[in-house]
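Protein chains get the first letters and strands the later ones, always in sequence-line order, with residue 1 at the start of each. Reckoned from all heavy atoms, side chains included, excluding hydrogens, waters and symmetry mates.
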Protein chains: 2
Amino acid sequence: MKFKIAVLPGDGIGPEVTAQAIKCLEAVGETFNHQFTFEEAPVGAIAIDQTGDPLPEATLELCKNSDAVLFGAIGDPKYDNDPSAPVRPEQGLLKLRKELGLYTNIRPVKAFPSLIDRSPLRPERIKGTDFTIYRELTGGIYFGEKKLNKEGTVASDLCEYSEAEIERIAHQAFKAARNRRKKLTLIDKANVLETSRLWRKVVTKISESYPEVALDFLFVDNAAMQMILNPSQFDVILTENMFGDIISDEGSVIGGSIGLLASASTGDKHALFEPIHGSFPQAKGLNIANPIASILSAVMLLEHLGLKDEAMALDCAVEIAIKKNIVTPDLQPESKFGTTEVGDQIAELLAING
Amino acid sequence: MKFKIAVLPGDGIGPEVTAQAIKCLEAVGETFNHQFTFEEAPVGAIAIDQTGDPLPEATLELCKNSDAVLFGAIGDPKYDNDPSAPVRPEQGLLKLRKELGLYTNIRPVKAFPSLIDRSPLRPERIKGTDFTIYRELTGGIYFGEKKLNKEGTVASDLCEYSEAEIERIAHQAFKAARNRRKKLTLIDKANVLETSRLWRKVVTKISESYPEVALDFLFVDNAAMQMILNPSQFDVILTENMFGDIISDEGSVIGGSIGLLASASTGDKHALFEPIHGSFPQAKGLNIANPIASILSAVMLLEHLGLKDEAMALDCAVEIAIKKNIVTPDLQPESKFGTTEVGDQIAELLAING
Ligand SMILES: [Mg+2]
Ligand SMILES: [Mg+2]
C-alpha cells in the first residue's frame with residue numbers, strides 16, 4: 001500500500017529522533033512491501049526563524065493532505081527565556097491540534113522488564129504494568145470561559161463538557177480496550193462534579209455497545225494513589241482533559257524513562273504521532289538522544305494506518321533492542337550506541353524478524 | 001494550662017483509636033502539668049442511629065465551645081450500601097467543617113526510616129521525605145456553581161477563587177514554612193487557568209511579608225510527577241482545593257502506611273484534628289487498628305494550642321515506638337501489640353522521656 005506521511009521534525013533533538021523513526025518506517029516499507037512517502041515541513045522555533053510563524057500555512061496544508069503526521073519536538077530556549085516574544089514555538093503545536101481536530105491524546109505506558117530497576121517504584125509494584133491513557137484534549141476547564149473581575153480580586157474558570165465531546169473519545173477508548181485486555185477505567189470525580197456525572201452517564205450508556213469490555217470507575221484522587229500502589233491494574237484509562245493531564249504525567253514517570261514514551265493525538269480525520277519528551281536542546285546534535293519514543297510513535301502510526309502486523313513487528317524490534325541493551329546512554333551510561341546506531345539496529349532487527 | 005477538647009469518636013475504629021490519642025494527651029497533661037477536659041459527642045452513623053442527624057446540634061455546640069476538636073472517623077457500610085438513604089454519615093463532617101469555618105486542610109507526610117521498606121517507592125527516592133500540604137478546603141470547583149442543561153447533554157462546573165480566600169490560607173502556610181525548612185511550593189496551573197494566575201499573584205504578594213521563606217511554583221501535572229521522582233524536595237506545599245485533593249492523596253501513599261497519617265482542618269476560630277484513614281468497619285472491636293495517626297493528630301492539636309514542647313515530646317514518643325517496633329500488625333504482621341497496647345506504650349514513653 002501507499003501512504004503519505006507529513007514529517008514535522010521541529011526543534012532541538014526533534015530532527016535526530018524523527019530521522020530514526022523514518023528509518024524504521026522505511027525498513028517496514030521494504031519488509032512488508034509498502035510505499036511510504038515522507039514530506040517534511042517546519043514547525044516551532046525553526047518555523048518562526050524561517051517564516052515568522054510557528055505553524056506556516058504550507059505546513060498545515062501538508063498535514064491536512066497526508067495520511068498521518070510524524071512529529072518531533074518543539075521549543076527553543078531563546079523563546080522560553082523571552083517573556084515578551086510575540087509568538088512562541090508551542091503555539092505551533094496547539095494550533096495544529098486545533099486545525100486538525102485532534103480531540104484525543106493517547107499515551108501508552110509500559111514497564112519493560114529489563115528496565116524495571118530504573119522505575120522509581122519498587123519492582124513488585126511496577127511489574128506487569130501496561131496501560132494506555134485516553135485523555136480528552138480540546139474541552140474542559142483548560143478551554144472554558146475565564147474571568148477576572150475589574151479589580152483583579154476574583155477569578156474563575158469554567159469546566160464544560162457536552163455529550164458529543166464525551167461520546168467520540170469514549171468510542172475510541174472502548175475500541176482500544178476491546179483489542180487489549182478488555183478493561184476500561186473512567187477517571188472522574190462524580191461525587192462532586194456535574195461534568196463528571198455527565199461523563200459517567202454517557203460512558204455507561206456507550207459501554208452497552210461494548211459488552212465484552214468491563215467498565216469501572218475511579219475518583220481522580222484515588223487514581224493518583226492507585227497509579228503508585230498498583231499500576232498494573234489498569235488497561236485502558238479514559239478521562240477528561242485536566243485529570244488526563246495530571247494522571248498521564250504521573251503515569252509517565254513510573255516506568256523510569258520518559259525517553260521511551262510515545263503518544264498519539266487523534267480526531268475524526270487526522271492523527272499526529274510524537275514522543276512525549278520535549279526538544280531537549282542541550283542534547284541537540286550530540287547523537288545521544290533516545291530515539292525509542294519516536295520509533296514507538298511510528299508503531300502507533302502504523303496501527304493507526306491499519307497495519308497491525310507491521311506495528312507489531314516494529315514494536316518487537318524495539319523490545320529486542322532494549323533487551324539486548326542496544327540503547328542510548330540515558331538508559332545505560334556506558335552504552336556505545338548513539339541515536340543513529342540505535343535507529344540502525346532497530347531497523348535491522350525489524351528487517352531480520354519482520 | 002486548662003484546655004477543653006471536644007471528642008467526636010464517630011464510627012468504626014474511630015472510638016478505639018481516639019481513646020489512645022486521649023490516653024496520650026492525658027499523659028502529656030500529667031507530665032507537663034496541664035489540665036485537659038475531654039467532652040464526648042456523637043457524629044456520623046452513630047449520631048444518625050441515636051438522633052437521626054449525622055451532626056446533632058449539641059455536638060456542634062460542643063465543638064464551638066471547645067479549644068479544639070479531636071475527631072475519629074466516619075462511615076458505616078449500612079449507609080454506604082443504601083443509595084436511597086436520606087442522610088449519610090459523611091454529611092456530618094462536611095457540615096461540621098462548614099459550621100466551624102475550617103477552610104484549610106493540613107496534611108503532613110513523613111518517611112519513617114524504620115518503615116522505609118514499606119513505601120511503594122524505592123528507598124533512595126522516599127528517604128528524607130518530610131513535607132506538609134496546605135489545601136484550601138471550602139472554595140474552588142468542588143463548591144462552584146454546577147449546571148446541567150434541561151436535555152441533560154451539557155454540564156458545567158465553575159472554579160472560582162477570591163483574593164481573600166487565598167490570602168488567609170497563604171498566611172497559614174507561610175507561617176508554617178517559617179517554622180520548618182523555610183520553603184513554600186505553590187502548586188497551580190497558571191499557564192492555563194485564570195484562578196491559578198490569581199493564586200500566583202496573591203501568594204507572591206504575601207511572600208514579601210515572609211522574606212525568610214523561599215517561594216517556588218510547580219504546575220500540578222509536574223507536581224504529580226515530582227511526588228514520585230523526588231518527594232524529599234518539598235517542605236510546605238500550598239494549593240487550591242481540587243489540586244490539593246489529588247496531590248495530598250497521592251502524597252499519602254508514598255510513605256507506605258496510611259495508618260500513620262494525621263491531619264488538621266483549621267479556620268480563624270476553630271480547629272479539628274483527625275487521622276486520614278477512614279472508619280475501617282471490618283477492624284472494629286478487634287484491637288488491631290493502628291492508633292498512631294490519631295495520636296499524631298493529637299500532636300498537631302498540641303501544636304495548635306501553642307504547646308510546642310509537649311507536641312515535640314509526643315511526636316518523639318511515637319518515633320521511638322515505631323523504631324522499637326511497638327506497632328500494630330498492619331506495620332508488623334507478627335506484632336503482639338494491639339491498638340490499646342501501642343497507645344499504652346506511647347503514653348508511657350511520653351511520660352518517661354517528656
Ligand atoms: Mg502535562
Ligand atoms: Mg481525596
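Residue contact with chain A, scored on non-hydrogen atoms closer than 4.5 Å, involves the backbone of B:K147 exclusively. Proximity to chain A (any heavy atom under 4.5 Å) is shown, for B:R122, by both the backbone and the side chain. Only the side chain of B:I254 comes within contact range of chain A, judged by heavy atoms closer than 4.5 Å. Of the atoms belonging to A:I141, heavy atoms from both backbone and side chain fall under 4.5 Å from chain B. Only the side chain of B:S252 comes within contact range of chain A, judged by heavy atoms closer than 4.5 Å. Looking at A:F143, there are no atoms closer than 4.5 Å to chain B (heavy atoms on both sides), in backbone or side chain. Both the backbone and the side chain of B:I228 come within contact range of chain A, with heavy atoms under 4.5 Å apart.
Top candidate by heavy-atom pairs under 4.5 Å with chain B, chosen from A:Q226, A:M242, A:E124, A:E165, is A:M242. Your options are B:A224, B:A164, B:G251, and the one with the most heavy-atom pairs under 4.5 Å with chain A is B:A224. Among A:K201, A:E163, A:M227, A:E145, the residue with the largest count of heavy-atom pairs under 4.5 Å with chain B is A:E163. Considering only heavy-atom pairs separated by less than 4.5 Å from chain A, the leading option among B:E160, B:E250, B:R197 is B:E250. Between chain B and the residues A:D117, A:V220, A:N149, the most heavy-atom pairs under 4.5 angstrom are made by A:D117.
Here the straight-line distance linking atom OG of B:S248 with atom CG of A:D221 works out to 8.0 Å at 0.5 Å rounding. Note that the OH atom of B:Y142 and the CG atom of A:N191 stand 7.5 Å from one another [nearest 0.5 Å]. Rounded to the nearest 0.5 angstrom, A:I246 CD1 and B:I246 CD1 are separated by 4.0 Å. Distance CD/B:E151 to OG/A:S162: 12.0 Å, rounded to 0.5 Å.
B:N222 places none of its side-chain heavy atoms less than 4.5 Å from the side chain of A:D249. B:D245 has its side chain within reach of A:K189: a pair of non-hydrogen atoms, C-beta onward, lies under 4.5 Å apart.
No more than 12 heavy atoms of other residues, nucleotides or ligands sit less than 6.0 Å from atom NZ of B:K98.
Contact between B:P120 and A:L229 at its shortest, heavy atoms only, is CG-CD2, 4.2 Å. Across all their heavy atoms, A:T195 and B:S156 have their closest contact at CG2-CA, 3.7 Å.
In this structure a side-chain-to-backbone donor-acceptor pair under 3.5 Å is present from B:D157 to A:E194.
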